[in-house]
Amino acid sequence: MPELPEVETVRRGLEKLIVGSKITDVQLPYPKVITGDSQQFVTGVLNAEFEKISRRGKYLLLQLSNQHTIVSHLRMEGQYSVEPSDTEPYKHTEIIFGLSDNRALFYNDTRRFGRMILTTTGFEMTEVPSLAKLGPEPTEEQLTLSYMKTIFAKSKRPVKTFLLDQTQIAGIGNIYADEVLWQSKIHPKTPASMLSDVELIVLRENIITEIKRATDHHGTTVHSFSNVFGEVGKFQNELEAYGRVGESCLRCGATMIKIKVGQRGTTFCPVCQVEKK
DNA sequence: AGCATTGTTCATCA
DNA sequence: ATGATGAACAATGC
C-alpha cells in the first residue's frame with residue numbers, strides 16, 4: 001500500500017533509472033489507466049525525455065522535456081519496473097513506455113486502481129485539483145506545531161480519520177496512521193480537537209520521525225509493494241501496531257484489537273491507548 | 001460467494 | 001456555506 005515512504009522510494013528509483021531516457025514508443029494494454037483522452041496522452045509523451053521526478057504527498061510527478069508532466073497515483077498496488085525492451089508485458093501491465101536505450105518502463109497494477117494524467121508543466125495544480133488541496137508534507141520544516149494546533153482545534157472527527165485526510169496533512173495512509181497513534185498512546189477515535197497541546201507535540205514528532213524512518217527503510221511491503229528495482233521494503237519488520245491484531249502490545253503486553261474507524265480497519269492497544277470522553 | 005482491502009471523490013445531511 | 005458522514009468506485013484474492 002504505497003503511502004508517502006513507498007512513493008518516495010519509487011521516486012528515488014525512477015530518478016536513478018529513467019531521467020534522461022527518451023520515450024520512443026507507448027503501448028497501452030489498459031487505456032483506462034489514463035484519466036482523460038488516452039490518445040492525447042500517447043502523442044503528448046512520445047519523443048520526450050524524462051527530465052525530473054518529483055513527489056507531492058502520494059502523487060508522483062514525472063516531468064518531461066516537452067512542457068508536459070505525468071501525474072501518477074499508485075493507489076493500492078500500482079508499481080513501476082524497468083525492463084529490457086523485449087520483455088513481455090505481465091498480466092497486470094497497464095502501460096509500457098519504450099525507451100531509446102533498449103529498455104522499457106512498465107506500469108503494473110494488480111488492482112487496476114492507480115491512475116495517470118498528462119498535465120502541462122507548471123499547471124499540475126490547476127489540472128489536478130486534489131494536488132492543489134493537499135496539506136503540508138509531514139516534515140519538520142513544513143508540518144509546524146502551530147499549524148497542527150490550528151487544524152486539530154477545528155475538527156471533531158476521530159483523530160485516525162483526520163490523519164488520513166490528505167487535505168490536512170499529505171502522505172499518511174492506514175499503516176502509518178495506526179503506527180503513530182500507537183506510538184503516541186492516543187485512542188484512534190479521540191476527537192481531533194480533544195487532543196492536548198502535549199499530545200499534539202508528541203503526535204507531530206512521531207509522524208515526522210515515523211515517515212522518515214519508513215522512508216529510510218525503503219517503505220513497508222505488506223501485500224505487494226516493491227520499488228522500481230523489484231525490491232521489497234524493509235519497514236514491515238518494524239511495525240508496532242498495523243497488522244498485529246491478536247498479538248501482544250509491545251509496550252504493555254495487552255492483546256491488540258481491531259475496530260473500524262470511519263470504515264477503515266484500525267489496530268490498536270486498548271490498554272495503552274485509552275479513550276478520552 | 002461475500003467480504004476485505006485502500007485512497008479519493010461525490011452526494012447528502014445537519 | 002461549512003463540515004461531517006457514508007457510499008461509491010476502481011478490481012482482485014481468499
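Lettering follows sequence order; numbering is per chain, from 1.
The nearest whole Å value for the distance from the NZ atom in A:Lys32 to the P atom in C:dC9 is 11 Å. Computed from coordinates, the A:Arg56 CZ to B:dG7 C1' distance equals 16 Å when rounded to whole Å. One can place CG of A:Leu163 at 15 Å from C1' of B:dG7, the figure rounded to the nearest angstrom. Between the NZ atom of A:Lys260 and the P atom of C:dT5 there is a distance of 17 Å, given to the nearest Å. For the pair A:Glu6 CD and B:dT6 C1', the interatomic distance rounds to 13 Å; values are reported in whole Å. Between A:Tyr59 atom OH and B:dG7 atom C1' there is a gap of 8 Å when expressed in whole angstrom units. For A:Ile117 and B:dT8, the CD1 to P distance is 15 Å, given to the nearest whole Å. Remark: C1' of C:dA4 and NZ of A:Lys160 are 18 Å apart, rounded to the nearest angstrom.
Nucleotide C:dA1: unpaired (no Watson-Crick or G-U wobble partner with both distances less than 3.5 Å).
For A:His92, the side-chain atoms get nearest to C:dT12 when compared with the rest of B:dG7, C:dA11, C:dT12. With B:dG7, C:dA10, C:dT5 as the candidates, the nucleotide lying closest to the side chain of A:Lys58 is B:dG7. Listed nucleotides: C:dT12, B:dT6, B:dG7. Nearest to the side chain of A:Arg111: C:dT12. In this structure, of C:dT5, B:dT8, C:dA7, it is C:dA7 that holds the atom nearest to the side chain of A:Gln263.
DNA chain B is contacted by both A:Ser130 and A:Phe113; A:Phe113 maps to the nucleotide lying nearer its 5′ end (nearest heavy atom per residue). When the nearest nucleotides of DNA chain C are assigned to A:Lys156 and A:Arg112 by heavy-atom distance, the more 5′-ward of the two goes with A:Lys156. Nearer to the 5' terminus of DNA chain C, by closest-nucleotide assignment, is the contact made by A:Lys154 (compared with the other of A:Lys154 and A:Arg264). Looking at which nucleotide of DNA chain B each of A:Pro129 and A:Asn174 is closest to, the 5′-most match is held by A:Asn174.
In this structure a side-chain-to-backbone donor-acceptor pair under 3.5 Å is present from A:Thr9 to A:Pro5.
Here A:Lys91 lies out of heavy-atom contact (under 4.0 Å) with every strand. Nucleic acid contact for A:Gln166: sugar-phosphate only, since backbone atoms but no base atoms lie under 4.0 Å from a heavy atom of the residue. Using a 4.0 Å heavy-atom criterion, one finds that A:Lys258 contacts the sugar-phosphate atoms exclusively. Using a 4.0 Å heavy-atom distance criterion, A:Ser155 is classed as a sugar-phosphate-only contact. Using a 4.0 Å heavy-atom distance criterion, A:Arg115 is classed as a sugar-phosphate-only contact. Here A:Gly173 lies in heavy-atom contact (under 4.0 Å) with sugar-phosphate atoms only.
For the pair A:Arg251 and A:Trp182, the cation sits on the ring face: its NZ or CZ lies under 6.0 Å from the ring centre, inside 45° of the axis.
By the 4.5 Å heavy-atom criterion applied to side chains, A:Val71 and A:Leu131 are counted as neighbours.
Checking A:Tyr107 against A:Asp109 by side-chain atom types alone, a donor-acceptor pair falls below 3.5 Å. A:Arg11 and A:Ser54 are not linked by any side-chain donor-acceptor pair at a separation below 3.5 angstrom, with hydrogens and angles left out of the test.
Taking the six-membered ring where tryptophan is involved, the planes of A:Phe41 and A:Phe97 are tilted, since the angle between them lies from 30° to 60°.
Not one side-chain nitrogen or oxygen of A:His73 sits closer than 4.0 Å to the OP1 or OP2 atom of B:dG7. For A:Tyr30, no side-chain nitrogen or oxygen approaches OP1 or OP2 of C:dA10 to under 4.0 Å.
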